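In this text, all values refer to a predicted model and were calculated from it rather than measured experimentally. Below, chains carry the letters A, B, ... as their sequence lines are ordered, and counting in each starts from 1.
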Protein chains: 2
Amino acid sequence: MTAPVPATTEPPAPRRSRRDSRRPQLLDAAARRFRRGGYSATSMRDIAGDAGMLAGSMYHHFPSKEDLLVAVHEEGIRRITKAVEEALDGVRGPWQRLEAAAAAHLAVLLDGGDYAVVVIRELPHESAALRRTLAPVRDAYEDIFRRLVDDLPLSAATPRHHVRLMLLGALNWSQTWYRPGGEAPEAIARGFIRLLRGEH
Amino acid sequence: MTAPVPATTEPPAPRRSRRDSRRPQLLDAAARRFRRGGYSATSMRDIAGDAGMLAGSMYHHFPSKEDLLVAVHEEGIRRITKAVEEALDGVRGPWQRLEAAAAAHLAVLLDGGDYAVVVIRELPHESAALRRTLAPVRDAYEDIFRRLVDDLPLSAATPRHHVRLMLLGALNWSQTWYRPGGEAPEAIARGFIRLLRGEH
DNA sequence: AAATAAACCAAACAAATGTTTGTTTGATAA
DNA sequence: TTATCAAACAAACATTTGTTTGGTTTATTT
């Protein structure tokens with residue numbers, strides 16, 4: 001059980017070449033199932049089957065079903081954060097920046113695959129431990145929008161948190177009514193921002 | 001299996017006086033559990049236990065778990081519809097009416113018990129049959145807001161569906177961040193409407 | 001008081017659940 | 001070649017799931 005005596009020369013770069021090569025596949029399958037059926041209604045056999053293996057084999061890649069959800073969450077947050085930050089790059093003007101962020105957020109949420117949807121919809125009321133793990137990551141993401149709203153030229157009487165909550169709520173809720181082929185995410189985001197700016 | 005021969009005199013008002021007296025209790029328990037844990041993660045034994053009976057005994061009141069969810073949905077829609085219609089009663093002015101409806105919607109959703117939350121959050125992606133049953137009722141409710149938005153004095157260039165989707169999205173999403181003791185539902189609704197009106 | 005029927009219990013049912021175990025496979029490294 | 005090790009299988013594990021069955025209590029009606 002004790003650690004082996006370290007060699008004088010480095011154990012030179014473990015070099016486990018194709019290690020865990022099917023992990024992305026499993027994660028994809030999990031994200032798809034979690035999105036379509038929800039976490040509780042999805043079984044390990046469902047996911048394993050989609051990835052072409054048996055349920056037990058998954059435990060070589062993930063120690064539990066909860067860990068799968070956590071991994072999907074983290075990947076989802078990673079993707080949506082990256083998309084928003086890239087969309088903000090080089091954009092100037094506070095309203096333009098907010099609109100760019102909103103459009104990117106929507107694009108990932110509506111046309112960007114299953115991960116982001118799971119992040120948004122599957123707030124884990126299941127386990128308190130899970131919530132403690134995931135809440136900070138979500139909060140960090142929402143801080144991006146907090147800053148963007150802070151930079152808006154609003155009258156001092158306008159409560160900024162209303163602006164943020166209203167916009168993010170409208171954006172996040174869109175996955176319940178959006179159907180592919182309808183209005184494009186960018187158009188929806190532009191429309192929402194226009195309403196917020198009071199242009200009507 | 002054939003229906004009994006109808007008597008010449010009415011089978012005079014079945015008069016089952018206190019029949020199904022514990023149905024409300026069961027429904028309450030189900031709504032609470034569905035809200036807190038979600039439909040799939042809630043077991044029949046959970047609900048039965050909360051109502052002080054065994055799981056099997058529930059089948060004298062509801063033929064299946066799905067029927068329980070349907071019943072909770074219907075009761076939730078009934079309550080929220082009633083609250084909004086009562087709030088609209090006597091209110092004049094298109095913006096005032098929209099704000100009154102939004103405030104009532106929020107009040108039921110945030111402080112009005114478990115039924116409405118289940119209606120809003122637990123869109124049944126589980127069963128297609130379930131969805132067909134519940135979707136029309138939800139649509140009928142949203143029509144109230146559709147009409148209210150149609151009555152607003154907006155420039156012809158303003159897409160009305162953006163207004164409706166943005167407001168309802170913001171309202172419905174509020175249950176994810178609202179904590180009792182914070183800003184009152186009426187204040188939140190007023191703030192959102194003010195933003196929509198462009199007063200800032 | 002007798003009869004009827006609703007409400008409930010106690011126990012079981014088959015199926016599905018997340019997870020564990022022991023073993024086999026196939027590629028890589030010594 | 002031989003040893004190693006990740007990856008997967010096959011099978012079982014103990015629980016939990018929604019639901020059914022048959023009998024017993026309880027309340028209402030005749």
Quiz item: Got a salt bridge between A:Arg147 and A:Asp150, using NZ or NE/NH1/NH2 to carboxylate O under 4.0 Å?
Solution: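 So A:Arg147 does not pair with A:Asp150 through a salt bridge.
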Quiz item: Less than 4.0 Å between a side-chain N and a carboxylate O, is that true for A:Glu75 and A:Arg79?
Solution: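 Yes, charged N to carboxylate O under 4.0 Å.
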Give the rounded distance in Å between these two atoms: [atom1] of [X] and [atom2] of [N].
X	N	atom1	atom2	answer
A:Ile47	C:dT17	CD1	P	11 Å
B:Met58	D:dT20	CE	P	13 Å
A:Tyr59	D:dA7	OH	P	17 Å

Quiz item: Nucleotide by nucleotide, 5' to 3', does protein get under 4.0 Å of the base (B), only the sugar-phosphate (S), or neither (-) in nucleotides 8-17 of chain D, counting heavy atoms?
Solution: BBB-B----B
Practice problem: Please say whether more than 12 non-hydrogen atoms of neighbouring residues, nucleotides or ligands are located less than 6.0 Å from CZ in B:Arg32. | Solution: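 Incorrect, the count does not exceed 12.
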Exercise. For A:Arg97 and A:Val91, indicate whether the former's side chain and the latter's backbone hold a donor-acceptor pair under 3.5 Å.
Key: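 Yes, A:Arg97 side chain to A:Val91 backbone: donor-acceptor pair under 3.5 Å.
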Quiz item: Looking at the rings of A:Tyr39 and A:His73, which for Trp means the six-membered one, are their centres under 6.0 Å apart?
Solution: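 No, the ring of A:Tyr39 stays outside the 6.0 Å limit from the ring of A:His73, centre to centre.
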